[in-house]
Amino acid sequence: MQTDFAGVYPMLLSFFTRDDRIDANLLKRQVDLAVASGAHGIGVLGLATEINKLSTAERRETLEIVATHLAGRLPLSVTIGENTARGQIDFARHAVEMGADWLILQPPPVSDVSELELLRFFGSVADAVALPIALQNAAIYLGIQLSAHGLVALQRQHPNVCLLKTEDPPEITARLIDDTAGAFRVFVGLGGMHMIDELRAGAVGIIPGAETMDFTPAIYNAHVVGHDASAATNYGKIAPSIEFLEQSINHFVTCSREIVARRWGLTEVHHRLAKEMSPTDRDMIERCAASLGPFPFLAVQAAAGEVR
C-alpha cells in the first residue's frame, strides 16, 4: 500500500448551474488546471468543496465527475463526511471503486462525544477500506480535536490510518508531529496559509484552495530543492489573497469561487447558501483576481488534450 503521499493537493471548489445543480464542466476545468499547474495530487469533497452543502447523491456525482475526468493523471484524495460509520464505509468503498488513492475522514458533526467513541468510529471505517486513511483533525472548523495520545493509539491498532489533515499554524503542526513521534504524514490546509513555514515545521504536503493552484505547486517544488528565495517571492504574490479568504469557511468558498470565476473570465457565478458579500468583499475579490491574473488557458487545454 502506497503511503508516501506528499506535495500540493488543491481542494476543488463546487460550482453550480443556474438551476442549482453541480456544474460538471467547471469541475473538469479545475482538474485540468491542477494537472497543467504541476499539482502533485487533487483533493475533492473537503470543506472547500462545500461537502456540508451537498447531498450524498451530489457528493457521489462530484466524485464520479472528478475521478472519471482525472483518469489517473494525478493521485486523488477524497474526503468522507458522512454522518455515520456505515455511511462513511459505503462512501469510502465507492471512492475506492472510482480510483481514490487515499481518503480523509471527517468526524461526525456531534458534540459532547468521548474521544474513545470517535476512535472507535474512525477505526471501524479504516478496517473496512484497504486504502491509506487520513483524519481531519481540525477543531477550528469541525469543533473536534483528537489528542496526540489518541491518534497514536488509533494508528497502532489500524496501521492504514497513517496521515493527518490539519488546519493549524506552523508551531502547532511542529508540536503535533513531535507529540505523535512522526507516526503520521501531515498535510495542512488553511487555504495554503503559511505554506512554506508549515513545510519547515515538518508537514509533507499542503491542501490549498483552487484560486491559487497555478502558484502553489511551484512554491512547494522550489522549497523542496532549497530555492528559498524563489519560494518566498512566489508565496508573496498569493499571500494577500489567502489572508483575505481565511476568515470563515463560508467566506472562503463564496469569495474563492468569485476569484476563480474572474480569473477564468466568467461573467455569471452561482452560489448555494453563500455568505452575503459586502462592498469591501467585492472590492477585495476584484483586487485579488487582478493580482493573481488570468489562469493559463493554453496549459489547461494541453492538459485536457485539447491542444495538439
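Everything numeric here is computed off the predicted structure, so don't read it as measured data. All values below come from the heavy atoms of this structure, side chains included, with hydrogens, waters and symmetry mates left out.
- Residues M195 and M11 are members of separate hydrophobic clusters, defined by side-chain heavy-atom contacts under 4.5 angstrom among Ile, Leu, Val, Met, Phe, Trp and Tyr.
- Taking CD from E97 and CG from L63, the interatomic distance works out to 10.0 Å, rounded to the nearest 0.5 Å.
- Under the rule for a side-chain contact (heavy atoms from CB on, under 4.5 Å), the partners of A231 that lie at least two apart in sequence or sit in another chain are I196, I219, A222, H223.
- Distance check, rounded to the nearest 0.5 Å: CZ of F187 to OG1 of T166 gives 11.0 Å.
- Counting non-hydrogen atoms of other residues, nucleotides and ligands closer than 6.0 Å to CZ of R287 gives a total of 12 or fewer.
- In this structure, H40 has its ring center closer than 6.0 angstrom to the ring center of Y220.
- The existence of a salt bridge linking E258 and R282 is excluded, since no basic side-chain nitrogen approaches an acidic carboxylate oxygen closer than 4.0 Å.
- Ion pairing between K275 and D281 holds under the 4.0 Å rule for side-chain N and carboxylate O.
- H270 and D20 are not linked by any side-chain donor-acceptor pair at a separation below 3.5 angstrom, with hydrogens and angles left out of the test.
- When only modelled atom types and interatomic distance are considered, H94 and E64 share a side-chain donor-acceptor pair under 3.5 Å.
- At a threshold of 4.5 Å between non-hydrogen side-chain atoms, the residues R257 and V269 count as touching.
- The number of heavy atoms from other shown groups lying within 6.0 Å of CG (D19) is above 12.
- The closest side-chain heavy-atom distance from P132 to N160 is not below 4.5 Å.
- In this structure, R185 fails the cation-pi test against F5, since its NZ or CZ atom is not both closer than 6.0 Å to the six-membered ring centre and inside 45 degrees of the ring normal.
- D178 meets the salt bridge (charged side-chain N to carboxylate O under 4.0 Å, His left out) test with no other residue; sequence neighbours excluded.
- Note: F15 and W264 have tilted aromatic rings, judged against thresholds of 30 and 60 degrees for the angle between ring planes.
- When atom types are taken as modelled, the side chain of Q88 and the backbone of Q106 share a donor-acceptor pair closer than 3.5 angstrom.
- Remark: the backbone N or O of L273 is paired with a side-chain donor or acceptor of K53 at under 3.5 angstrom.
- Checked by atom type, the side-chain pair S14/E50 shows no donor-acceptor distance below 3.5 Å.
- A salt bridge is defined here as a Lys NZ or Arg NE, NH1 or NH2 lying under 4.0 Å from an Asp or Glu carboxylate O, and E286 with R262 meets this definition.
- Taken from CZ in R60 to CZ in F91, the straight-line distance is 6.5 Å, to the nearest 0.5 Å.
- The salt bridge (charged side-chain N to carboxylate O under 4.0 Å, His left out) pairs that include a residue from residues 76-89 are R59-E82, R86-D90, where partners are two or more places apart or lie in different chains.
- Heavy atoms from other residues, nucleotides or ligands lying under 6.0 Å from CD of Q2 number more than 12.
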